[in-house]
Each structure stands twice: as C-alpha cells, then as structure tokens.
Amino acid sequence: MVRFDQIKSNLIPLSILIIFLLVSFPIFGNPADKSDSLRFEVLLNQKMLAEDSISIDFITSVEVTSSQLILLSSANRYYLLGWGGIKTSGQVLSDSISAFAYTPDGYLLMVSRNSLCFLDSTGKLDKLHDLPNGNMAISSGENVMYLYDREKNKEKYPLYVLTKGGLFTGIFDMPDPISAVAEIHKTILFSSLNTLFAFDPKTRKLEAMAAIENQKEIISIAINPKSNTIYFASKDAIYALKEHGITLITDKFGGTLKYFNHSLMVFDADKKLLIRIVGFEK
C-alpha cells in the first residue's frame with residue numbers, strides 16, 4: 001500500500017499536463033468580478049460539444065485546477081475546460097474511474113473499481129489503497145479525504161476517512177445512502193436522501209440541519225469558507241443555508257456544486273451542462 005503522504009514523489013503535477021492549454025485558454029472568471037447582478041453563465045452544454053464533434057459520457061465529479069481550469073472526466077479520460085473550449089488532458093487512463101477529487105494539498109485522487117488511485121509518472125493509475133466496495137465517491141476535507149459508498153439497497157451505509165498517514169477507517173454508518181460530503185471547521189457535513197446533516201467527530205453528535213421535499217434528494221454540497229455559507233443541490237434546485245435559514249437560489253436546474261472565486265459552478269453530467277452562477281452573494 002502506498003501512503004497518502006508518499007504520492008508526491010510519484011505524481012506528475014497536473015500543471016505540466018495543462019501548459020499547452022494556457023496559451024489559448026484565458027483564466028475563467030475574474031477575481032475582481034464582484035458585480036451585484038445575478039448572472040447565469042453557460043460554460044459547457046451539449047450544443048457546444050456537438051459543434052466541436054465531441055462525444056463524452058461524463059462522470060459527476062468536477063474540480064478546478066491550480067491554473068483555474070475546470071477539470072472534468074469520462075470513465076477513462078480527463079478533460080480541461082477554459083474559455084477557449086474543452087481539451088483532453090493526458091493519455092487514456094489504464095482503467096475506468098468513477099469519481100475524483102483533489103487532496104487538501106492539491107494532488108488528484110480517483111476511485112477505480114475497488115481501489116483508490118493516483119496517476120504515476122507515466123500517467124497510469126497506481127493504487128493508493130484498497131476500498132471496501134466499488135463505485136465509491138470521494139470528497140476532500142480540511143486535512144483528510146472522505147469516501148462513501150453510492151450503491152443502493154444495502155443494510156448500512158458507512159462514511160470512511162483517509163488520513164495523510166494512510167489510515168483508512170470508518171467514522172459512522174447511516175441507514176440510508178450518503179450522497180455528498182463536505183467539511184467546515186472540523187464539522188462533517190453530509191446529505192442522505194432529502195436531509196443535510198452535521199456530525200461533530202469529537203462529541204459524536206449528529207444533527208439534521210436542513211431538509212427539502214421528501215421525494216427529492218440532496219446530491220451535492222459546497223461551502224464558502226469565508227462567509228460559512230453552505231450550498232446544497234438536488235438534481236433540479238440549488239439552495240443556500242445561512243444563519244437566518246434556507247434560501248432558494250434557483251429551481252430551474254441542479255447538479256454537482258463547486259464553489260470557487262465568488263461563484264458557484266453547477267455540473268449536470270447527464271445533460272452535459274456546466275453553469276457558473278455569479279452575483280448571488282449579497
């Protein structure tokens with residue numbers, strides 16, 4: 001088993017793979033862009049892919065690289081999206097992946113079948129840790145990584161943590177599937193069915209923070225670390241949770257959320273739709 005903190009010696013920094021893109025891809029977004037007007041910017045849709053004759057079956061993960069490009073993936077290849085369009089990144093993967101996320105120190109981990117992997121110096125998948133099941137999801141915490149099983153119809157649904165020292169252990173079990181995980185101030189936020197929960201690892205206290213309609217499911221969580229605002233989404237709506245309660249941002253679309261640079265990105269892998277929401281924070 002490779003230790004979590006030993007990846008650095010074997011990993012190609014993703015920035016090397018994207019140097020060729022930086023000439024034609026301006027950095028998306030603008031750090032000084034703090035307009036008060038609410039805007040919905042379409043960064044990617046099926047029409048754009050069709051115009052470029054590109055057919056991609058995306059997985060649901062989305063990240064932002066250190067060069068402020070958007071990282072997407074199919075089951076066997078990564079793609080980088082900037083204002084200049086979408087381009088492949090690296091070579092075809094040696095096996096299929098179902099999820100990916102950056103570690104807190106900026107290295108890319110991915111789930112491949114029953115293994116947690118990273119890309120070695122040749123661009124091939126190298127196993128970091130065995131996983132209890134296939135098709136698990138992965139999320140970054142403040143100093144650790146969280147993994148959880150997305151399979152349905154099981155007796156229990158554990159949440160696991162992977163520390164930098166390579167320790168992989170279960171934290172708790174839920175009676176219903178866990179669909180998203182995030183962390184804020186050492187508190188673990190996660191969703192199960194239509195409810196957003198908070199779990200304190202020190203006190204072991206579990207608290208329901210918010211809920212949406214029973215027939216809907218919360219599928220993603222994102223956090224603004226400066227304002228402590230929690231954003232969460234179903235497949236067709238996006239919400240914000242602040243001290244005064246829940247605010248509906250939109251009920252026109254939903255998907256996987258990623259908060260970045262005063263904006264909220266929303267990715268629907270099935271519809272091949274990526275939208276950036278700007279000007280929603282007052």
Side-chain angles (χ1 to χ4, degrees), residues 1-7 11 57-63 71-78 93-104 107-120 124-183 188-199 201 204 206 217-221 232-235 255-258 267 269-270:
M1 181 186 72
V2 182
R3 284 181 50 178
F4 188 16
D5 53 0
Q6 291 177 328
I7 301 176
L11 185 64
D57 291 325
F58 292 109
I59 63 175
T60 58
S61 299
V62 59
E63 283 282 9
L71 182 65
L72 303 171
S73 177
S74 65
N76 62 1
R77 187 150 213 175
Y78 284 106
L93 300 176
S94 54
D95 203 346
S96 63
I97 64 170
S98 57
F100 64 84
Y102 279 118
T103 66
Y107 292 96
L108 191 64
L109 298 184
M110 58 225 67
V111 175
S112 176
R113 303 184 192 276
N114 288 63
S115 299
L116 182 62
C117 301
F118 62 96
L119 294 177
D120 65 16
K124 294 183 179 180
L125 295 177
D126 196 353
K127 184 167 71 174
L128 174 65
H129 208 291
D130 291 320
L131 297 176
N133 298 294
N135 193 32
M136 298 188 75
I138 181 170
S139 299
S140 177
E142 294 174 353
N143 294 293
V144 298
M145 301 298 288
Y146 296 103
L147 292 105
Y148 45 101
D149 197 340
R150 295 186 290 194
E151 295 295 329
K152 308 293 184 181
N153 302 316
K154 300 179 66 174
E155 292 184 1
K156 59 182 180 179
Y157 299 89
L159 176 66
Y160 300 92
V161 62
L162 177 69
T163 68
K164 287 188 177 182
L167 179 63
F168 183 82
T169 184
I171 305 175
F172 57 77
D173 296 336
M174 289 294 291
D176 296 302
I178 296 171
S179 49
V181 179
E183 184 180 353
I188 301 171
L189 304 177
F190 70 96
S191 59
S192 182
L193 300 181
N194 70 324
T195 305
L196 178 68
F197 293 93
F199 177 78
R204 309 290 297 177
L206 178 64
E217 179 182 350
I218 298 172
I219 61 172
S220 184
I221 305 169
F232 59 97
S234 66
K235 290 183 178 180
T256 303
L257 302 179
K258 185 70 179 178
F267 180 51
D270 293 333

Residue list, side chain to side chain contact (heavy atoms under 4.5 Å, CB included) with Ser140, at least two apart or on another chain: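 Partners of Ser140 by the side chain to side chain contact (heavy atoms under 4.5 Å, CB included) criterion, ordered by chain and then number, come out as Pro104, Met145.
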All side chain to side chain contact (heavy atoms under 4.5 Å, CB included) counterparts of Asn114, not counting sequence neighbours: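 Partners of Asn114 by the side chain to side chain contact (heavy atoms under 4.5 Å, CB included) criterion come out as none, since no residue qualifies.
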Distance check, rounded to the nearest 0.5 Å: [X] atom [atom1] versus [Y] atom [atom2]?
| X | Y | atom1 | atom2 | value |
| --- | --- | --- | --- | --- |
| Leu162 | Ile138 | CG | CD1 | 7.5 Å |
| Ile59 | Ser96 | CD1 | OG | 9.5 Å |
| Tyr78 | Glu63 | OH | CD | 9.5 Å |
| Leu128 | Met110 | CG | CE | 10.0 Å |

Identify all side-chain donor-acceptor contacts of residues 175-182 below 3.5 Å with residues at least two apart in sequence or on another chain.
{"residue": "Ser179", "atom": "OG", "partner": "Ser191", "partner atom": "O", "Å": "3.4"}
{"residue": "Ser179", "atom": "OG", "partner": "Ser191", "partner atom": "OG", "Å": "2.8"}
{"residue": "Ser179", "atom": "OG", "partner": "Ile218", "partner atom": "O", "Å": "2.5"}

In chain order, what residues pass the ring-ring contact (aromatic ring centres under 6.0 Å, His included) check against [X], with sequence neighbours excluded?
| X | result |
| --- | --- |
| Tyr148 | none |
| Tyr160 | Phe168 |
| Phe190 | Phe172, Phe197 |

Trace of the side-chain contact (heavy atoms from CB on, under 4.5 Å) decision for Arg150 with Thr60: CA-CA 12 Å; Arg150 295 186 290 194; Thr60 58; 3.7 Å; yes
Sequence neighbours excluded, every pair satisfying salt bridge (charged side-chain N to carboxylate O under 4.0 Å, His left out) that has a member inside residues 152-163: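 For residues 152-163: Asp149-Lys154, Lys152-Glu217, Lys156-Asp173.
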Pairs involving residues 95-104, ordered by first then second residue, that meet salt bridge (charged side-chain N to carboxylate O under 4.0 Å, His left out) (sequence neighbours left out):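 Every salt bridge (charged side-chain N to carboxylate O under 4.0 Å, His left out) pair that includes a residue of residues 95-104, provided the two are not neighbours, is Asp95-Arg113.
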Asp130 and Leu116: CA distance, side-chain angles, deciding distance, side-chain contact (heavy atoms from CB on, under 4.5 Å) verdict: CA-CA 6 Å; Asp130 291 320; Leu116 182 62; over 6 Å; no
Audit row: Glu183, Val144, side-chain contact (heavy atoms from CB on, under 4.5 Å) steps and yes/no: CA-CA 10 Å; Glu183 184 180 353; Val144 298; 4.2 Å; yes
Any residue meeting side chain to side chain donor-acceptor pair (under 3.5 Å) with [X], in chain and number order, not counting sequence neighbours:
| X | value |
| --- | --- |
| Ser112 | none |
| Glu151 | Asn135 |
| Ser98 | none |
| Tyr157 | none |

Verdict with supporting geometry, Leu71 and Tyr102, side-chain contact (heavy atoms from CB on, under 4.5 Å): CA-CA 10 Å; Leu71 182 65; Tyr102 279 118; 3.9 Å; yes
Do [X] and [Y] come close enough that some side-chain heavy atom pair is under 4.5 Å?
| X | Y | answer |
| --- | --- | --- |
| Ile171 | Ile188 | yes |
| Ile97 | Val111 | no |
| Leu125 | Ser94 | yes |
| Thr256 | Ile219 | no |

Backbone N/O of Phe58 and side chain of Ser74: donor-acceptor pair under 3.5 Å: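 Not confirmed, Ser74 side chain does not pair with Phe58 backbone.
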Ser61 (side chain) donor-acceptor with Phe100 (main chain) under 3.5 angstrom: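 Side chain of Ser61 to backbone of Phe100, a donor-acceptor pair under 3.5 Å: yes, one is there.
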Which atom of [X] lies closest to which atom of [Y], heavy atoms considered:
| X | Y | answer |
| --- | --- | --- |
| Ser220 | Gly255 | CB-O, 3.4 Å |
| Arg77 | Ser73 | O-OG, 3.1 Å |
| Leu108 | Phe118 | O-CB, 3.8 Å |

